[in-house]
Amino acid sequence: MKEPSNTVFLERKSYRKRRMMDAARVLPLVGVVLVLIPLFWSRGDGGTSAALIYYFGVWLLLIVVAAVLSRRLGDVDAETGD
């Protein structure tokens, strides 16, 4: 006789909500790592301007990703009533 499976089924909406919450929690750590990357660049001509462009690009990217995650988490909360 076959034993019943012990797998836990999660609804698709709650699973996606949890993954988005995980992404929101990890985003600051990813931001710190991305900001620290220019420290490992070799010092050369034009390094400072390239680093500034990189910093502003990372800053803008983090703002956009945080806004998208916030919007999606708000939409999921409105649908589920949490």
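For reference, positions follow the sequence shown, starting with 1. In this text the structure is predicted, and so the values were computed from the model without any measurement.
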One should read off an interatomic distance between Y55 OH and I37 CD1, to the nearest 0.5 angstrom, of 10.0 Å
Should L27 and L34 be counted in the same cluster of Ile, Leu, Val, Met, Phe, Trp and Tyr side chains packed under 4.5 Å apart?
-> yes
When clusters are formed by joining ILVMFWY residues with side-chain heavy atoms under 4.5 Å apart, either directly or through shared neighbours, do F56 and I63 land in the same one?
-> yes
Between CZ on residue R16 and CZ on residue R18, distance to nearest 0.5 Å = 15.0 Å
Heavy atoms only: give me the nearest G31-L62 pair and the separation to one decimal.
-> CA-CD1, 3.6 Å
Does the side chain of Y54 come within less than 4.5 Å of V35's, by heavy atoms?
-> no
Shared ILVMFWY cluster between V68 and M20, side chains joined below 4.5 angstrom?
-> no
Smallest heavy-atom separation, M21 atom then L73 atom, equals CG-CD2, 3.6 Å
Value for CG (L69) from CG (D22), rounded to nearest 0.5 Å, stands at 10.5 Å
